[in-house]
Asks: 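Just passing along the structure, written as structure tokens.
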Amino acid sequence: MVDQTHHPRLPTDTDDGLLLMISGPSGAGKTTITRGIDRAIADSVFSISCTTRDKTEADVEAVDYHFIYDDEFQKLIDKKAFLEWADVFGKKYGTRKKWVDEQLSRGRLVILEIDVEGAKQVKAQIPDAFGLFILPPSEDELLRRLRNRKRESEELIQKRFAQAKHEIAEAKACDAYDKFLVNENIDEAIAEAIMTVKAARIAHTMH
Ligand code: 5GP
């Protein structure tokens, strides 16, 4: 149940808020699928995480992330302001709890794009959160896609590849995910993801 103490109910509020966690290794198409879901579902909102990683040229502050310093991040941990947080590649990433609660109490579909560690923490607190894990068609194809992006050195690509295999194994071994979706063809994967989320929402509302 969402804590509504701080968010008085509005006439436009509904009871079909659903928390959607989307995870998957880099190169699986997770971000594209997330955008597809966000566009297709009118009352969806994307959670902008806080991170201590460096902002790249492609990043926009407060659109992609809230870029903050280590000491600020630590203060938020101390204040228990995070619904979940995790260390990914040596940098911290976290989801602000207050914002998520507020959006859920408004009846929205709240989308978190988070790693497996974070998803486990969310599922432990909110068992009816829906976990969607995006898989590449095969390991060979994942390696090919990572190389095709031409963003990184071969050393970094191999690091991401090893990390991806580890993440997939972790995801399959835990109970945070309700659906594993193979992204063979991006348009089909987006369509299937949208259908899955709509069905999960109906099931959740009827629950
Ligand atoms: P990137 O730095 O490439 O944007 O993201 C790296 C990883 O961090 C991705 O796997 C992404 O899903 C994960 N991530 C982004 N935001 C959060 C967050 O708030 N919490 C957790 N646990 N992981 C996150």
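One-based numbering, in listed order, for ligands and for the atoms of each. Just so you know, residue 1 is the first one in the sequence shown, and it goes up from there. Heavy atoms only: backbone and side chains are in, while hydrogens, waters and symmetry mates are out. Please read all numbers here as calculations on a predicted model, not as lab measurements.
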Asks: Just so I know, are the side chains of Ile168 and Pro25 near enough to count as touching, which here means a heavy-atom distance under 4.5 Å?
Replies: yes

Asks: Which one of Arg106, Arg201, Arg108 satisfies the salt bridge (Lys or Arg N to Asp or Glu O under 4.0 Å) criterion with Asp43?
Replies: Arg201

Asks: Counting only heavy atoms closer than 4.0 Å, does ligand 1 sit against the backbone of Val88, its side chain, both, or neither?
Replies: side chain

Asks: Looking only at non-hydrogen atoms, which of Ser49, Ala164, Cys50 approaches atom 19 (O) of ligand 1 most closely?
Replies: Ser49

Asks: Say whether Tyr65 and ligand 1 are in contact under the criterion: heavy-atom distance to a ligand atom below 4.0 Å.
Replies: yes

Asks: Is Lys91 near ligand 1, meaning one of its heavy atoms is under 4.0 Å from it?
Replies: no

Asks: Could you grab the distance from atom CZ of Phe161 to atom CG of Leu142, nearest 0.5 Å is fine?
Replies: 6.0 Å

Asks: Could you tell me which atoms of ligand 1, counted from 1 in the order shown, lie closer than 4.0 angstrom to a heavy atom of Ala86?
Replies: 22 (N)

Asks: Determine, for Glu152 against Lys159, whether the closest basic-nitrogen to carboxylate-oxygen distance falls under 4.0 angstrom.
Replies: no

Asks: How close does the nearest protein non-hydrogen atom get to atom 14 (N) of ligand 1, and which residue and atom is it?
Replies: Glu113 O, 3.6 Å

Asks: Which atoms of ligand 1 have any heavy atom of Thr95 under 4.0 Å away?
Replies: 19 (O)

Asks: Under 4.0 Å from a heavy atom of Gly118: which atoms of ligand 1 are those, numbered in the order shown and with their elements?
Replies: 22 (N)

Asks: Regarding Asp78 and Gln74, is there a side-chain donor-to-acceptor distance under 3.5 Å anywhere?
Replies: yes

Asks: Any carboxylate oxygen within less than 4.0 angstrom of a Lys/Arg side-chain nitrogen, looking at Lys120 and Glu117?
Replies: yes

Asks: Would you please determine whether Glu84 falls within less than 4.0 Å of ligand 1 on a heavy-atom basis?
Replies: yes

Asks: Does some non-hydrogen atom of the protein lie less than 4.0 angstrom from atom 16 (N) of ligand 1?
Replies: yes

Asks: Measure the shortest side-chain to side-chain distance between Arg149 and Ser26 over non-hydrogen atoms and say whether it is less than 4.5 angstrom.
Replies: yes

Asks: Can you confirm, on distance only, whether ligand 1 has an N/O atom lying under 3.5 Å from any N/O atom belonging to Lys30?
Replies: yes

Asks: Kindly indicate, with the supporting measurements, whether the criterion side chain to side chain donor-acceptor pair (under 3.5 Å) is fulfilled by Glu154 and Gln158.
Replies: CA-CA 6 Å; Glu154 182 61 24; Gln158 288 299 338; 2.8 Å; yes

Asks: For atom 6 (C) of ligand 1, find the nearest protein heavy atom and state the residue, atom name and distance (0.1 Å precision).
Replies: Tyr93 OH, 3.6 Å

Asks: Using a 4.5 Å cut-off on heavy atoms from C-beta on, say whether the side chain of Trp99 contacts that of Val45.
Replies: yes

Asks: Heavy-atom pairs closer than 4.0 Å: do any link ligand 1 to the side chain of Glu117, the backbone, both, or neither?
Replies: neither

Asks: Looking only at protein heavy atoms, which one is nearest to atom 23 (N) of ligand 1, and how far off is it?
Replies: Asp115 N, 3.2 Å

Asks: Any idea which atoms of ligand 1 are less than 4.0 Å away from a heavy-atom of Arg53?
Replies: 1 (P), 2 (O), 4 (O)

Asks: Going by the order shown, which atoms of ligand 1 are within less than 4.0 Å of some heavy atom of Gly94?
Replies: 18 (C), 19 (O)

Asks: Does NZ or CZ of Arg35 lie under 6.0 Å from the centre of the six-membered ring of Phe46, at an angle within 45° of the ring axis?
Replies: no

